Amino acid sequence: MKALHWLLSRTFTYISLVMAFVAIYLIGDDMGKLFLYFVLPFYVVSLAFQLIAPKVKAPLEKNELMTDIISNSVTIAVVNTIQTWGVGVVFALSSSSLLIHYGILDAEFGLASFPYWAQVALGLLIMDFFFYVTHRMAHEIPFFWNFHAIHHCAHRVTFMNAYRVHPVDAMFRRYIPLFFMMLTGISHEAFIAASIIGSVLSTVTHLNVDLRHGWFNYIFATNENHRWHHSTKMSEAKNFSIITIWDHLFGTFYLPRDRDMPTKIGLGDETDYPLHNYWQQLVEPFRTKKIEEKKPQVTSAQEELLS
């Protein structure tokens, strides 16, 4: 059993990506079938792996699981449904790019004229650049942080709270990157492939499993570097992208070699914050005046003492 765990901890992400490529090759761009035959089983296996071999074994807090279940359900029912409808409308046009559709950009300059593999790679890079931008805005601009704070209020990073998000925050950080990727004129097939690969990578970032990635940590976001993003220390709460090239370029990559976990995960100040009440979290951004003060506020001297 230990040997199997050792092997899976070092190969799980790679196996998942290979299976994603195989599913895309065999099924094509039928999102319904891809979800049914790959994405859903992948989620089940990921959750099972987390339950069998959790890295953080602390017991669940009161109402923690229910909050995550409700948030996941709302995200799937509302955010995902609107996304599916919007993507369908755009691809129903003569081109996936509104710029091309309205004659602003010539079709020969669209990504659809590129080889399939290049479309997928460039589509992922472009989508992730705007994910980096919106994600960083969600941390550094008080208005957006008011909504994004919900995602950071959990005291552990797990598969279940990956979608512990406010719908406004989810739409902002998801729709804008997708919109800009679609402006490139990417083909429907490449768009679906990029979305599936992105889904695998984003799921891995929140797995509460002791995965080991080595060099892969410096190219793609993993749970090893993303858990630092949830640290209560401002100097550690970085790593905003999925493809870490953007964090390297803009100086926000963080992965210490002497520790593998932050001292504390969550909000800096949790006073009166509804940690595990989804319905109160929905209205929290509208009723609080200075929620930005709940962001981690730790001085350099204090950090040295805590380290």
Side-chain angles (χ1 to χ4, degrees), residues 13-14 16-18 20-21 24 29 31 34 39 42 75 79-80 83-84 86-87 90 96-99 110-112 114-141 144 148 151-152 157 162-163 165 169-207 211 213 215-230 237-255:
T13 300
Y14 309 122
S16 299
L17 285 171
V18 169
F21 292 135
I24 292 166
D29 63 341
M31 193 61 187
L34 281 169
V39 177
F42 168 65
T75 301
V79 180
N80 289 13
Q83 175 182 315
T84 301
V87 169
V90 174
S96 62
S97 171
L98 295 177
L99 295 178
L111 280 190
F114 285 53
Y116 175 74
W117 64 267
Q119 289 187 60
V120 176
L122 290 172
L124 276 169
L125 275 171
I126 292 167
M127 177 174 65
D128 194 54
F129 171 74
F130 286 100
F131 177 75
Y132 175 90
V133 171
T134 54
H135 196 181
R136 191 166 176 181
M137 287 173 65
H139 278 259
E140 298 181 359
I141 299 177
F144 294 113
H148 188 57
H151 182 61
H152 283 264
V157 181
Y163 290 117
V165 290
D169 175 51
M171 292 177 186
F172 172 65
R173 292 188 297 115
R174 186 185 295 185
Y175 294 173
I176 290 178
L178 286 174
F179 174 74
F180 278 99
M181 179 171 67
M182 295 179 77
L183 282 182
T184 64
I186 191 171
S187 67
H188 185 260
E189 295 81 6
F191 174 84
I192 294 298
S195 299
I196 293 295
I197 295 168
S199 178
V200 171
L201 292 171
S202 60
T203 298
V204 168
T205 64
H206 279 79
L207 283 185
L211 300 181
H213 297 91
W215 59 270
F216 197 78
N217 286 311
Y218 296 89
I219 302 175
F220 294 100
T222 67
N223 60 348
E224 287 187 86
N225 54 40
H226 188 71
R227 64 175 67 111
W228 292 100
H229 175 74
H230 286 260
K238 299 180 179 180
N239 302 329
F240 299 102
S241 60
I242 297 297
I243 304 173
T244 59
I245 183 175
W246 306 121
D247 282 302
H248 289 299
L249 283 174
F250 297 111
T252 52
F253 182 80
Y254 184 82
L255 184 64

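Worth knowing before you read on, the calculation uses all heavy atoms, side chains too, and leaves out hydrogens, waters and symmetry mates. These numbers were taken from a predicted model, which means no experiment stands behind them.
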(message) Which heavy atom of I186 sits nearest to which heavy atom of A190, and what is that distance?
(response) CG1-CB, 3.6 Å
(message) Would you compute the distance between atom CD1 of I243 and atom CD1 of I197 and round it to the nearest 0.5 angstrom?
(response) 9.5 Å
(message) Run the side chain to side chain donor-acceptor pair (under 3.5 Å) test against Y218 and tell me which residues pass, sequence neighbours left out.
(response) none
(message) Using only atom types and a distance under 3.5 Å, with no angle test, would you say the side chain of D29 pairs donor to acceptor with the backbone of I192?
(response) no
(request) Could you note down all residue pairs passing salt bridge (Lys or Arg N to Asp or Glu O under 4.0 Å) where residues 169-189 supplies at least one of them, sequence neighbours left out? (result) D169-R173
(message) Give me the atom names and distance for the closest heavy-atom approach of L124 to A194.
(response) CD2-O, 3.4 Å
(request) State, yes or no, whether a side-chain contact exists between L122 and T184 at a heavy-atom distance under 4.5 Å. (result) no
(request) Mind listing the closest non-hydrogen atom pair of V79 and Y175 along with its distance? (result) O-OH, 2.7 Å
(message) Just so I know, are the side chains of H152 and H230 near enough to count as touching, which here means a heavy-atom distance under 4.5 Å?
(response) yes
(message) Using 30° and 60° as the class boundaries, would you call the ring planes of H135 and H226 parallel, tilted or perpendicular?
(response) tilted
(message) Ignoring hydrogens, what is the shortest heavy-atom contact between G123 and L111? Give both atom names and the distance.
(response) N-CD1, 4.1 Å
(message) Contact between I196 and F21 at the side-chain level, heavy atoms closer than 4.5 Å - yes or no?
(response) no
(message) Once rounded to the nearest 0.5 Å, what's the spacing between atom NZ of K238 and atom OG1 of T244?
(response) 14.5 Å
(request) For a ring-ring contact (aromatic ring centres under 6.0 Å, His included) with F172, tell me which candidate from F179, F144, F130 qualifies. (result) F144
(request) Find out whether N225 and Y254 are in side-chain contact, i.e. whether some heavy atom of one side chain is under 4.5 Å from a heavy atom of the other. (result) no
(request) Could you tell me which residues satisfy ring-ring contact (aromatic ring centres under 6.0 Å, His included) with Y163, sequence neighbours excluded, listed by chain and number? (result) none
(request) Would you indicate whether the side-chain heavy atoms of V165 and H148 approach each other to under 4.5 Å? (result) no
(message) If only side-chain N and O atoms count, and only distance matters, is there a donor-acceptor pair under 3.5 Å linking D247 with S241?
(response) yes
(message) Could you measure the distance from the CD1 atom of I242 to the CZ atom of F131? Nearest 0.5 Å is fine.
(response) 5.0 Å
(request) Kindly indicate whether the side chain of V87, heavy atoms from C-beta on, has any atom under 4.5 Å from the side chain of F191. (result) yes
(request) Could you tell me whether a side-chain N or O of N223 sits under 3.5 Å from a main-chain N or O of L207, the two making a donor and an acceptor? (result) yes
(message) Centre-to-centre under 6.0 Å for F216 and Y14, is that the case here?
(response) yes
(message) If you compare all heavy atoms of A193 against all heavy atoms of V120, which two are closest, and at what distance to 0.1 Å?
(response) CB-CG2, 3.9 Å
(message) Going by side chain to side chain donor-acceptor pair (under 3.5 Å), name the residues that satisfy it together with N217, two or more places apart in sequence or in a different chain.
(response) T222, E224
(message) Quick test of your reading: applying side chain to side chain donor-acceptor pair (under 3.5 Å), list the pairs with at least one residue in residues 119-134, sequence neighbours left out, ordered by first then second residue.
(response) Q119-S187, Y132-R136, Y132-T252
(request) Under the side chain to side chain donor-acceptor pair (under 3.5 Å) rule, collect the residues that match up with S195, sequence neighbours excluded. (result) none
(message) Suppose we call two aromatic rings close when their centres sit under 6.0 Å apart. Are H229 and H151 close by that rule?
(response) no
